[in-house]
Visitor: 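If you scroll down you'll find the structure; I have some questions about it.
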Amino acid sequence: MTVLEVVFVERSPSKLLDITTLRYKSFGRLWSTSGAQMSAEMPGNLAELLRTTSGVVLDIGPGSGELLYMFDSAKITAMYGAEPAVDLHVGLARRARESGFGDKYHALVCGGEPESLIPALHRSGILKTDGGKSRVIGDEGVFDEIVCARVLCGVPHPKETIRGLFALLKPGGRMVICEHVANPWRTEGRFAARIMQVVYTAAGWPFFMGGCELQRHTLEFLKEAGEWERFELKYVGAQDTIPFIVGELVKKS
Ligand SMILES: C[S@@+](CC[C@H](N)C(=O)[O-])C[C@H]1O[C@@H](n2cnc3c(N)ncnc32)[C@H](O)[C@@H]1O
């Protein structure tokens, strides 16, 4: 029997030069095949925190919605998912439906960094306009809750991005965090694990993992982002090469 294999080649050289699009494409492919498996067990009390999420929610980098079943969609008024990898949106829409969000779920093709997120939120209508432009948000914010799960390791210029997210949070609003970070070897971590992070990075981890960085000081970036009323983050697997911080932060009212 002869097997005829047809391969379609997309000839658009400009796309090859667009490193960001390529990065999202290749990560999208990786996540489509292994995302569900990598989400079967989440660190710390994340499931509990997601279950209590309510009001108008922004989820940064929801992927193809592997964590959506952990939310109680009845408690959520509207949910915005900022997911730049277009290829993950079909799965995201399907899981949003299956998790009971109906038309409360708004998937946005954008990143969490302000230059991408703010125009997308503006287009979606959640950011009020001021003279035809997105209003400069100041301290007022528009979201009751912002969820960052396994995403801040890959956003560009994380300090500014986190500050931008802080500004989008209403006073008294909550941020739910589950992120892997630089090993805290000076306190509860382990020096050997910190060294392994350097080794993995030198071996090309960020390149092969779609821009994911192992050595980010995300806890410090979050602390410095603004005034918090409550700042409760715990290390999970502090001695590991990929330790997580998990918890909730409440913006000062
Ligand atoms: C490891 S997955 C985590 C998905 C989901 N949050 C979870 O925990 O199941 C990281 C996700 O972040 C997305 N991502 C990458 N860069 C991003 C950016 N700059 N802003 C927002 N999301 C981004 C990726 O496309 C991917 O869907």
Side-chain angles (χ1 to χ4, degrees), residues 23-24 26-27 30-31 33-53 59-63 66-67 70 85 111-113 145-166 169 174-251:
R23 210 187 82 183
Y24 291 141
S26 62
F27 186 80
L30 173 77
W31 195 252
T33 52
S34 54
Q37 199 186 343
M38 288 169 76
S39 311
E41 237 180 86
M42 293 299 289
N45 62 340
L46 180 70
E48 212 176 287
L49 294 171
L50 295 183
R51 201 81 202 144
T52 56
T53 302
D59 188 3
I60 303 297
E66 283 77 10
L67 302 184
M70 291 188 181
E113 55 281 16
E145 310 233 12
I146 298 181
V147 176
C148 297
R150 304 185 291 185
V151 64
L152 295 177
C153 54
V155 296
H157 44 83
K159 280 189 190 183
E160 290 76 12
T161 295
I162 292 171
R163 254 187 264 129
L165 296 179
F166 180 87
L169 203 55
R174 179 173 79 146
M175 211 181 252
V176 174
I177 300 291
C178 172
E179 295 291 342
H180 68 77
V181 293
N183 188 283
W185 65 278
R186 287 175 203 276
T187 54
E188 56 199 279
R190 203 160 51 99
F191 186 63
R194 184 69 187 88
I195 294 294
M196 284 315 291
Q197 292 188 320
V198 176
V199 172
Y200 280 15
T201 302
W205 178 281
F207 178 79
F208 293 110
M209 297 300 284
C212 162
E213 289 184 14
L214 285 176
Q215 309 187 66
R216 284 205 170 162
H217 297 277
T218 307
L219 188 146
E220 287 75 13
F221 300 161
L222 285 162
K223 208 172 256 174
E224 292 158 8
E227 269 195 272
W228 299 104
E229 198 167 288
R230 189 139 51 92
F231 192 92
E232 284 174 12
L233 287 179
K234 279 200 178 113
Y235 282 102
V236 178
Q239 307 260 309
D240 299 345
T241 303
I242 306 187
F244 276 81
I245 47 170
V246 183
E248 56 185 343
L249 320 177
V250 176
K251 184 173 177 173

Visitor: Please state whether the rings of Trp228 and Phe166 are parallel, tilted or perpendicular, taking 30° and 60° as the class boundaries.
Guide: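 Ring orientation, 0 to 90° scale: perpendicular.
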Visitor: Between Arg216 (side chain) and Ala182 (backbone), is there a donor-acceptor pair under 3.5 Å?
Guide: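 No; judged by distance alone, with no hydrogens or angles, the pair does not exist.
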Visitor: Apply side-chain contact (heavy atoms from CB on, under 4.5 Å) to residues Arg174 and Ile146 and explain how you reach the verdict.
Guide: CA-CA 7 Å; Arg174 179 173 79 146; Ile146 298 181; over 6 Å; no
Visitor: Do the side chain of Thr161 and the main chain of Pro156 share a donor and acceptor less than 3.5 angstrom apart?
Guide: yes
Visitor: For Leu222 versus Phe231, what's the shortest heavy-atom pair and its separation?
Guide: C-CE1, 3.9 Å
Visitor: May I ask you to test the Arg51-Met70 pair for a side-chain heavy-atom distance under 4.5 Å?
Guide: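 Arg51 vs Met70: side chains apart.
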Visitor: Does Phe207 CZ have over 12 foreign heavy atoms under 6.0 Å away?
Guide: no
Visitor: To the closest 0.5 Å, what do you measure between OG1 (Thr218) and CD (Glu213)?
Guide: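 The CD atom of Glu213 is 9.0 Å from OG1 of Thr218, to the nearest 0.5 Å.
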Visitor: Sub-3.5 Å donor-acceptor pair from the side chain of Thr52 to the main-chain atoms of Leu49, do we have one?
Guide: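 A pair under 3.5 Å: yes.
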Visitor: Look up atom CD in Glu145 and atom CD in Glu248, then write down how far apart they are to the nearest 0.5 Å.
Guide: 8.5 Å
Visitor: Between Val246 and Tyr235, is a side-chain contact (heavy atoms from CB on, under 4.5 Å) present by the stated rule, with each step listed?
Guide: CA-CA 7 Å; Val246 183; Tyr235 282 102; over 6 Å; no
Visitor: Please tell me if the side chains of Glu160 and His157 come closer than 4.5 Å, counting only heavy atoms from C-beta onward.
Guide: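 Sidechains of His157 and Glu160: in contact.
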Visitor: Flag yes if more than 12 heavy atoms outside Glu229 fall under 6.0 Å of its CD atom; otherwise flag no.
Guide: yes
Visitor: Within a reach of under 6.0 Å around CD of Glu224, are more than 12 heavy atoms found that belong to other residues, nucleotides or ligands?
Guide: yes
Visitor: What distance separates Cys153 SG from Leu214 CG, expressed to the nearest 0.5 Å?
Guide: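 If we round to the nearest 0.5 Å, Cys153:SG and Leu214:CG are 8.5 Å apart.
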Visitor: Of the non-hydrogen atoms in Cys178 and Leu46, which two are nearest, and what is the gap between them?
Guide: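 Where Cys178 meets Leu46 most closely, the heavy atoms are CB-CD1, 3.7 Å.
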Visitor: Quick one: do the Arg150 and Ser39 side chains pair a donor with an acceptor below 3.5 Å?
Guide: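 Side-chain D/A pair, Arg150 to Ser39: present.
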Visitor: Could you check whether atom CZ of Phe221 has more than 12 heavy atoms from other residues, nucleotides or ligands sitting under 6.0 Å from it?
Guide: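 Counting neighbours around CZ of Phe221, more than 12 heavy atoms of other residues, nucleotides or ligands fall under 6.0 Å, so yes.
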Visitor: Indicate yes or no for a side-chain donor-acceptor contact from Lys251 to the backbone of Leu169 under 3.5 Å, with no hydrogens or angles considered.
Guide: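 At least one qualifying donor-acceptor pair exists.
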Visitor: Verify the distance criterion only: is there a donor paired with an acceptor across the side chains of Gln197 and Trp205 at less than 3.5 Å?
Guide: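 Their side chains do not contain a donor-acceptor pair, so the 3.5 Å distance test is not met.
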Visitor: Rounded to the nearest 0.5 Å, what separation is found between the NE2 atom of His180 and the CD atom of Gln215?
Guide: 11.0 Å
Visitor: Hey, does the side chain of Glu179 reach the backbone of Val151 with a donor-acceptor pair shorter than 3.5 angstrom?
Guide: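 It does hold such a pair.
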Visitor: Side chain of Glu188, backbone of Ala238: donor and acceptor closer than 3.5 Å?
Guide: no
Visitor: In the structure I gave you, are the side-chain heavy atoms of Lys234 and Phe244 within less than 4.5 Å of one another anywhere?
Guide: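 SC-SC contact between Lys234 and Phe244 ruled out.
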Visitor: Going through the distances and angles, do Leu67 and Asp59 end up as a side-chain contact (heavy atoms from CB on, under 4.5 Å)?
Guide: CA-CA 10 Å; Leu67 302 184; Asp59 188 3; over 6 Å; no
Visitor: To the closest 0.5 Å, what do you measure between SG (Cys212) and CD1 (Ile242)?
Guide: 7.0 Å
Visitor: Taking side chain as C-beta onward, heavy atoms only, is Leu152 less than 4.5 Å from Ile162?
Guide: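 With C-beta onward as the side chain, the pair touches.
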Visitor: Say whether, by atom type as modelled, one donor and one acceptor occur between the side chain of Asn183 and the main chain of Asp240 under 3.5 angstrom.
Guide: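 Judged by distance alone, yes, a pair lies under 3.5 Å.
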Visitor: Hey, does Pro206 have a side-chain heavy atom less than 4.5 Å from the side chain of Thr201?
Guide: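 Counting from C-beta outward, Thr201 and Pro206 do come under 4.5 Å.
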Visitor: In sequence, state the C-alpha distance, the side-chain angles, and the governing distance for Ile177 and Val147, and then conclude on side-chain contact (heavy atoms from CB on, under 4.5 Å).
Guide: CA-CA 6 Å; Ile177 300 291; Val147 176; over 6 Å; no
Visitor: Do Pro243 and Pro184 come within less than 4.5 Å of each other through their side chains, counting heavy atoms only?
Guide: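 Yes, close enough: below the 4.5 Å cut-off.
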Visitor: First locate atom CD1 of Ile195, then atom OG1 of Thr241, and finally report the distance between them rounded to the nearest 0.5 Å.
Guide: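 OG1 of Thr241 is found 11.0 Å from CD1 of Ile195.
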